[in-house]
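Residue numbering restarts at 1 for every chain, and letters A, B, ... go by the order of the sequence lines. Excluded from the calculations below are hydrogen atoms, water molecules and symmetry mates; all remaining heavy atoms, backbone and side chain alike, are included.
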Amino acid sequence: MRYSRLLSHTTRDYPRSVRSAGHALLQRGGFIRPLSQGLYSFLPLGLRVVSRVTELIRREMLALEGQEVLLPLVNPLELWRSTGRAEIAARDLVGFRDASGRDMVLAPTHEEAMVALVKSVVTSYRQLPVFLFQFQTKYRNETRPRGGLLRTREFVMNDGYSFHRSATDLNNFYPRVFAAYERIFDACRIPFVTAEAAVGMMLGDRSMEFLMPSDAGDDRVIRCEKCGYAANAEVAVGTLSRPVGDPQPLTTVPSHGAATMGELAAVFECGRDALTKTMVYSNGDELVLAVVRGDQEVSSEKLERALGTPGLHFANREELAFYGIDPRAVGPIDLPLDLLELDVTVRVVVDDVVANTPNLIVSSNESGIHFANVNFGRDFESDLVHDIARILPGARCANCASELVEQRVVELGNIFKLGDYYTRRLRLTLSDAKGRRFHPQMGAYGIGIGRLVAAIAESNHDRRGLDWPPGLAPYPFLLMGIGRSPKVAGVLEALHGELGDAFLYDDRRESISTKFRDADLMGIPMRLIVSPRTLEQGKVELLERGSTKVRPVSVAHVRTAVSEMTGGPK
RNA sequence: CGGGAUGUAGCCUAGUGGCUAAGGCGCCUGCUUUGGGAGCAGGAGAUCGGAGGUUCGAAUCCUCUCAUCCCGACCA
């Protein structure tokens, strides 16, 4: 490829709006361009990297005996209704009405469509297990895309789905995907940790995440550096130190207009850990009052798991107004009668830290009045006591009591054991060897390709530019010449003609320095330099990125040298 | 969805009420030049995000609006 013909050009200045180094280099190097918020175009260089990453992943998927398929981006909304995810994933779903008046959605993920496919093809348990994968666009209605390719609205995902005769079979397959993912991220030279994950809208039983530590990330992981425990901050567990003491008599105290934890701590001259907060959640037909200690936050993930009701969200202003709840004055003691009379289920869930801490301060349901010396069991009760709070950084590991640390991370991949959630709801039913009907056990596995490219860039660059891991650079070689002698030009043209696609041929009349700089920026790992100086001895030079040591190679042997380094001409 | 910031040529920036909107990079033409972002000469490119207003006069002040980025909430 001639550089002069390549749709790309490098820029010296950083784009104004870009923060992270990897993103800036992808843009400066001519790999990607923004189209709109959360939407990026890949230029030829960027697409070549995407192709190489895709090929790397495809090899691993095929090694797991995966079969590649391609499902539609557009799904009937009805399909999503039948698994209950039309509501649960409502915020991610964008749709339209098609020409025949049916409601369609852009798929944010493909479990439903994949089960529908399998249902129409797999008719015997003897066809199981089956592992299908694709590289397909997802669209998620992200409220805040960020960090360039790190979090976009539209992105290509490598998503895999496996179907099994039994949970045992799924349990045997799952670690093999885990190992394949480890190999993929290792090949991308990305430092990563694995952690227990939140399931979010995926539902199902269990999942693991592959996470790259990075300040650019918008997930948080809690880790124990001693025993290796790691979990998404939404689901992490640990132990908090709690005050002890004998229960004191319940009293009411005026709060002088204070309502936030900070204001209350000031008024009552206490720490936030002596307070409680009550958060109101809703899923449309049920209200949940979640009570946690004042210095903690409710984990909606833990709350949903504890109650077994996915799709909970913070009650919004309209809902609060409808139920007559003042979010600045709400608590689990003596719920207002008119709330109890409404035709809605109200459940109170108390975090186990609150349940086991004596003499807390709790808001009443009346503005301006708080209760002091509140003790769970004596002064109020709840429908459920459970761990529903996000863990605090100072907490200790439940396994080894070491201090837990929190780290910002980028989620690169996620693997789920989905059980029969989808196969049951979509009625994928087979008969087993004994004639018993069963719903196959399902696993789902996903890697965001664009995000992976962003993560590679983030983890593999230096002062001068991108430094792609072996095999992932858009071109393995940059061919360049020094001077404009016809002899040099002749050799350049011959090499380019012969080894075409392995080379990006910098045919510009720029100074050699400029060509070096651009090669560094784009991250081309090897330069092949044709100069009058060495051409006299019938040689050209190989120069590795980041090195100053040139390696002379005779022109006749260039083809061999290139083949050695690329595993054959590409 | 809450909070903050920024919009001036393809990119980075200067200009904060007064002459024809300035510079660097990039781009085009010509000459020269090629071992880590060369030089000279010439040139093109901007309804100053948009609309409305204040003013003798607006890139600059006011109102509205659109867009992008950042923090948070939410979430793959």
Problem - Test item: side-chain donor near acceptor, A:His23 and A:Tyr14, under 3.5 Å - result: no

Exercise for the section: Nearest whole angstrom, please: distance from the C1' of B:rC27 to the CZ of A:Arg509. Expected result: 16 Å

Completion exercise
Whole-Å distance, A:Asp219 CG to B:rC75 C1', equals 9 Å

Exercise for the section: Compare the minimum distances between each of B:rG24, B:rU68, B:rG35 and the side chain of A:Phe516, then state the nucleotide with the smallest one. Expected result: B:rG35

Exercise for the section: Output the single nucleotide from B:rU34, B:rU13, B:rG35 whose closest atom is nearest the side chain of A:Arg16. Expected result: B:rU13

Practice task
Please check if any side-chain donor atom of A:Glu536 sits under 3.5 Å from a side-chain acceptor atom of A:Thr534, or the reverse.
Solution key: no

Handout entry: Pairwise P distance, B:rG52 and B:rA14 [rounded to whole Å]
Key = 28 Å

Exercise for the section: Find the partner of B:rC40: check Watson-Crick (N1-N3 plus N6-O4 or O6-N4) and G-U wobble (N1-O2, O6-N3) distances, both under 3.5 Å, and reply none if neither fits. Expected result: B:rG30

Exercise for the section: Please tell me which of the listed nucleotides, B:rG72, B:rU68, B:rC75, lies nearest to the side chain of A:Arg146? Expected result: B:rG72

Problem - Rounded distance in Å - CG (A:Leu521) to P (B:rC11) - result: 17 Å

Problem - Donor on one side chain, acceptor on other, A:Tyr505 and A:Ser4, under 3.5 Å - result: no

Handout entry: Atom pair distance, as rounded to whole Å: CZ in A:Arg33 and C1' in B:rU68
Key = 16 Å

Problem - Nearest heavy atoms of A:Glu544 and A:Arg527, plus distance in Å - result: C-NE, 4.5 Å

Completion exercise
Considering only heavy side-chain atoms of A:Arg28, the closest of B:rG72, B:rG37, B:rG35 is B:rG37

Handout entry: Nearest-Å distance for atom pair CZ/C1', residues A:Arg527 and B:rU34
Key = 16 Å

Handout entry: C1' gap between B:rG26 and B:rA38, integer Å
Key = 16 Å

Exercise for the section: Please determine if a side-chain N or O atom of A:Arg144 lies less than 4.0 Å away from the OP1 or OP2 oxygen of B:rA73. Expected result: no

Exercise for the section: Determine whether any donor atom in the side chain of A:Ser531 lies under 3.5 Å from an acceptor atom in the base of B:rG35, or the reverse, and answer yes or no. Expected result: yes

Practice task
Could you tell me whether A:Ser511 contacts a base, only the sugar-phosphate backbone, or nothing, with contacts defined as non-hydrogen atoms closer than 4.0 Å?
Solution key: base

Practice task
Indicate, with a heavy-atom threshold strictly under 4.0 Å, whether A:Pro34 touches base, sugar-phosphate, or nothing.
Solution key: nothing

Handout entry: Donor/acceptor link under 3.5 angstrom from A:Arg484 side chain onto base of B:rU33
Key = yes

Handout entry: OP1 or OP2 of B:rU68 under 4.0 Å from side-chain N/O of A:Ser36
Key = yes

Exercise for the section: Taking atom P in both B:rA44 and B:rU65, compute the distance separating them and give it to the nearest angstrom. Expected result: 40 Å

Practice task
Rounded to the nearest angstrom, tell me the gap between atom CG in A:Leu312 and atom P in B:rC75.
Solution key: 10 Å

Problem - A:Thr143 side-chain proximity, nearest of B:rG35, B:rC74, B:rC12 - result: B:rC74

Practice task
Scan A:Thr514 against the nucleic acid and name what it touches under 4.0 Å (heavy atoms): base, sugar-phosphate only, or nothing.
Solution key: base

Problem - C1' gap between B:rC25 and B:rU20, integer Å - result: 24 Å

Exercise for the section: For A:Glu541, answer base if it contacts any base atom (sugar-phosphate contacts may also be present), sugar-phosphate if it contacts only those atoms, and nothing otherwise; contact means non-hydrogen atoms under 4.0 Å. Expected result: base

Exercise for the section: May I ask you to say what A:Arg19 touches in the nucleic acid, namely base, sugar-phosphate or nothing, with a heavy-atom cut-off under 4.0 Å? Expected result: sugar-phosphate

Handout entry: Counterpart base for B:rC74, defined by Watson-Crick or G-U wobble contacts under 3.5 Å
Key = none

Practice task
Tell me what A:Gly217 touches on the nucleic acid: a base, only sugar-phosphate, or nothing, going by heavy atoms under 4.0 Å.
Solution key: nothing

Exercise for the section: Tell me, please, whether A:Phe185 has A:Arg183 positioned over its six-membered ring: NZ or CZ under 6.0 Å from the ring centre and within 45 degrees of its axis? Expected result: no

Problem - Partner nucleotide of B:rC19 by Watson-Crick or wobble geometry (both distances under 3.5 Å) - result: none

Fill in the blank from the handout: Scanning all shown strands, the Watson-Crick or wobble mate of B:rU6 with both distances under 3.5 Å is B:rA67

Handout entry: Spacing between A:Tyr14 atom OH and B:rU6 atom C1', to the nearest angstrom
Key = 20 Å

Exercise for the section: Select from A:Val530 and A:Asn414 the residue whose nearest nucleotide in RNA chain B is closer to the 5' end of that strand. Expected result: A:Val530

Problem - Watson-Crick or G-U counterpart of B:rA46, or none if no pair lies under 3.5 Å - result: none

Practice task
Among A:Val235, A:Asp387, A:Ile388, find the one that has a side-chain contact (heavy atoms from CB on, under 4.5 Å) with A:Arg305.
Solution key: A:Val235

Handout entry: A:Glu196 and A:Asn232: side chain donor to acceptor below 3.5 Å
Key = no

Practice task
Ignoring backbone atoms, test whether A:Arg463 places a side-chain nitrogen or oxygen under 4.0 Å from the OP1 or OP2 oxygen of B:rG37.
Solution key: no

Fill in the blank from the handout: A:Ile512 has its side chain closest, among B:rA38, B:rC75, B:rU34, to B:rU34

Practice task
Could you measure between the two C1' atoms, the one in B:rC61 and the one in B:rG3, and give it in whole Å?
Solution key: 25 Å

Handout entry: Whole-Å C1' distance, B:rG35 and B:rC71
Key = 47 Å

Handout entry: base_contact_polar (B:rG37 base, A:Asp518 side chain, donor-acceptor, <3.5 Å)
Key = yes

Handout entry: Nucleotide of B:rU34, B:rG37, B:rC12 approaching A:Arg12 most closely (side-chain heavy atoms)
Key = B:rG37

Exercise for the section: Give the rounded distance in Å between these two atoms: OH of A:Tyr281 and P of B:rC74. Expected result: 7 Å

Exercise for the section: Just call it for A:Arg390: base, sugar-phosphate, or nothing, with non-hydrogen atoms closer than 4.0 Å on any strand. Expected result: nothing

Exercise for the section: Return the nucleotide paired to B:rA14: Watson-Crick means purine N1 to pyrimidine N3 with N6-O4 or O6-N4, wobble means G-U with N1-O2 and O6-N3, both under 3.5 Å. Expected result: none

Practice task
Between B:rC48 and B:rA58, how far apart are the C1' atoms? Round to whole Å, please.
Solution key: 11 Å

Problem - Phosphate OP1/OP2 of B:rC69: any A:Gln37 side-chain N/O under 4.0 Å - result: yes

Practice task
Under 4.0 Å between any heavy atoms, over every strand shown, what does A:Arg545 touch: base, sugar-phosphate, or nothing? Just pick one.
Solution key: nothing

Practice task
Give a yes or no on whether the ring-centroid distance for A:Tyr445 and A:Tyr181 is below 6.0 angstrom.
Solution key: no

Practice task
Quick one: label A:Leu150 by what it contacts on the DNA or RNA (base, sugar-phosphate, nothing), any heavy atom closer than 4.0 Å.
Solution key: nothing

Problem - Rounded distance in Å between the C1' positions of B:rG49 and B:rU60 - result: 16 Å

Practice task
Scan A:Val550 against the nucleic acid and name what it touches under 4.0 Å (heavy atoms): base, sugar-phosphate only, or nothing.
Solution key: base

Completion exercise
The answer to which of A:Arg151 and A:Glu510 contacts RNA chain B further toward the 5' end, by nearest nucleotide, is A:Glu510

Problem - NZ/NE/NH1/NH2 to OD/OE distance under 4.0 Å, A:Glu234 and A:Arg390 - result: yes

Practice task
Please check if any side-chain donor atom of A:Asn75 sits under 3.5 Å from a side-chain acceptor atom of A:Glu112, or the reverse.
Solution key: no

